[in-house]
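Have a look at the structure below before the remarks.
Throughout, a chain's letter reflects where its sequence line sits, starting with A, and its residues are numbered from 1. Heavy atoms only: backbone and side chains are in, while hydrogens, waters and symmetry mates are out. On a predicted model such as this, the values are computed, not experimentally measured, just so you know.
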2 protein chains.
Amino acid sequence: MTVDDRPEPGTVRRRASGRPRPRAFEEVLARIEGWIAADGLTVGDRLPGERQLAEQLQVSRSSVREALRVLETLGVVSSQVGRGPDAGAVLTSRPGGALTGLLRLNLGLATLSMREVIDTRLMIEQWAAGHAARSRTGLDEMARALAAMDDPSGPEEFVEHDIAFHVAIVEASGNRLTSAIMRALRDSVQRFAIDAVVRLGDTRDLQADHRRIYAAIRDGDAATAVSAVAVHLARAYPPD
Amino acid sequence: MTVDDRPEPGTVRRRASGRPRPRAFEEVLARIEGWIAADGLTVGDRLPGERQLAEQLQVSRSSVREALRVLETLGVVSSQVGRGPDAGAVLTSRPGGALTGLLRLNLGLATLSMREVIDTRLMIEQWAAGHAARSRTGLDEMARALAAMDDPSGPEEFVEHDIAFHVAIVEASGNRLTSAIMRALRDSVQRFAIDAVVRLGDTRDLQADHRRIYAAIRDGDAATAVSAVAVHLARAYPPD
DNA sequence: AGACCAAATATGGTCAGACCATACATCGAA
DNA sequence: TTCGATGTATGGTCTGACCATATTTGGTCT
């Protein structure tokens with residue numbers, strides 16, 4: 001930079017105040033989020049194409065794409081190539097993927113411990129078991145998983161249906177947020193759960209636990225359901 | 001496409017099998033995640049520069065950037081411009097931002113209802129209050145928030161310290177996952193909470209609730225703490 | 001009229017290369 | 001030794017091109 005190019009005093013230090021200059025893709029994010037809030041866009045609606053968005057918002061297509069990548073990561077849009085009514089960026093709502101990735105990466109970085117994940121799962125399942133006992137819903141799904149666990153081909157299949165049973169309890173609560181969190185926890189715990197089953201060797205105690213939980217929910221006995229869940233998870237994942 | 005360009009039968013239908021061709025940035029993601037898992041990268045470690053990554057992985061810089069954008073969204077990397085030891089993409093761990101955005105956008109898309117968010121918050125706080133009563137930690141922070149709520153300048157400030165009180169309870173559980181979720185819920189609920197306080201008009205009942213919760217935790221009375229939390233949230237956010 | 005097939009086209013996915021703004025590193029002059 | 005100009009590596013952005021895919025379009029043959 002030569003002396004002549006130097007900006008005059010006074011014109012420098014723009015935005016010396018607090019927050020940094022927003023990046024282009026962040027502006028795009030804000031705009032799209034604004035459309036969702038103001039125009040009431042909902043799941044199924046389509047966004048303009050990447051090229052059109054770039055022109056509308058006066059940014060490059062790269063910046064538009066980075067913004068869309070963020071939205072895709074958050075499970076809010078899904079992009080389809082090709083042509084036609086289904087092509088382009090469509091608004092969706094799948095918080096699950098984001099939660100799963102979040103847990104997986106943070107477990108990898110050792111920022112979260114498996115203990116914390118298990119404890120959180122216990123919290124959700126106890127809460128959900130109480131709800132399920134009061135509403136007595138989802139019993140069919142639970143029974144199906146129970147039956148499937150009776151004759152597993154191996155630890156993998158047992159855990160698969162075991163997880164289905166536990167997820168069914170949470171789904172019965174009717175709360176999509178806790179369900180999404182539970183599914184994310186499930187994905188993070190699966191590998192760990194198989195090891196735990198192999199270590200135990202015998203699944204009969206676990207199945208007896210499941211049947212106690214199921215019976216309590218069926219009978220509308222919330223307190224028993226909650227404590228049965230606690231007993232079960234303490235057996236499957238003993239503290240320390 | 002002319003007839004001559006047409007691929008010969010048999011060479012067509014590559015990857016007709018199940019999953020689609022991974023996008024370039026997904027390969028990058030997988031590689032970086034592999035490094036984290038295999039090489040034991042942890043918070044504070046730096047990734048190679050974008051240009052170097054692009055060359056190493058044989059993709060364009062755009063694809064590298066999209067992958068980094070995903071990781072940034074998940075709260076796993078943070079990029080700094082400039083030069084020096086702090087510049088470049090650094091591994092971090094802030095699941096909070098991702099969770100917050102996730103909730104905000106899904107609330108905007110009306111996929112999640114405020115009721116579900118409130119119920120989830122109730123679940124976490126009851127659980128955390130029980131833990132806090134058993135461990136009797138975080139009392140100082142709670143007391144500070146309590147005192148600050150006694151003489152608020154307005155609903156905004158009251159809610160600010162109210163939230164600090166509730167977050168302190170969850171932090172006392174020592175579980176970083178539930179804490180992260182709670183903080184994300186807080187950000188989503190803040191606006192809603194201010195409206196609720198304005199509607200109530202009087203914060204004395206709320207403060208009395210807080211003091212009951214605090215006393216129960218201080219005295220190690222888990223059952224009372226749990227029920228006091230339920231009473232409080234039912235008052236602040238009455239069901240229907 | 002209908003069925004079928006080839007071309008046109010709109011979409012996201014990728015790439016290469018350039019330039020800018022920023023912030024540290026380096027080195028020379030006072 | 002100190003301070004300031006210059007160098008340089010970094011992320012951020014833009015442009016323009018090409019590819020792969022899937023629908024739409026329109027013509028041709030039956």
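Crowding of A/R46 atom CZ: a count of heavy atoms from other residues, nucleotides or ligands under 6.0 Å exceeding 12.
Under the 3.5 Å distance criterion, with hydrogens and angles disregarded, a donor-acceptor pair is assigned to the side chains of A/S113 and A/E116.
Within 3.5 Å, no donor on the side chain of A/R23 pairs with an acceptor on the base of D/dG11, nor the reverse.
Taking atom CZ on B/R51 and atom P on C/dG17, their separation rounds to 13 Å, with Å as the unit. Distance A/Q52 CD to C/dG12 C1': 14 Å, rounded to the nearest Å. Between the CG atom of A/L29 and the P atom of D/dT13 there is a distance of 11 Å, given to the nearest Å.
Residue B/E50 has its side chain nearest to D/dG11 when only D/dG11, C/dT14, C/dT11 are considered. Of the candidate nucleotides D/dT13, D/dG12, C/dG13, D/dT13 has the atom nearest to the side chain of A/F25.
The main-chain N or O of B/N106 is never found under 3.5 Å from a side-chain atom of A/S93 such that the two would form a donor-acceptor pair. A distance-only check finds a donor-acceptor pair linking the side chain of B/R176 to the backbone of A/T111 [under 3.5 Å].
For the atom pair B/M182 CE and B/I169 CD1, the distance stands at 8.0 Å (nearest 0.5 Å).
The two atoms that bring A/G82 and A/A87 nearest to each other are O-CB, 3.5 Å, heavy atoms only. Closest heavy-atom contact between A/A98 and A/L74: CB-CA, 4.1 Å.
Contacts of residues 59-80 of chain A with DNA chain D (heavy atom under 4.0 Å): A/V59, A/S60, A/R61, A/S62, A/S63. For the segment residues 82-94 of chain B, the set of residues with a heavy atom within less than 4.0 Å of an atom of DNA chain C comprises B/G82, B/R83, B/G84, B/P85, in numerical order.
Comparing B/G49 and A/Q58 by the nucleotide of DNA chain D that holds the closest heavy atom to each, the one mapping nearer the 5' end is B/G49.
Taking the salt bridge (charged side-chain N to carboxylate O under 4.0 Å, His left out) definition, one finds that B/E72 meets it with A/R23, B/R69, sequence neighbours left out.
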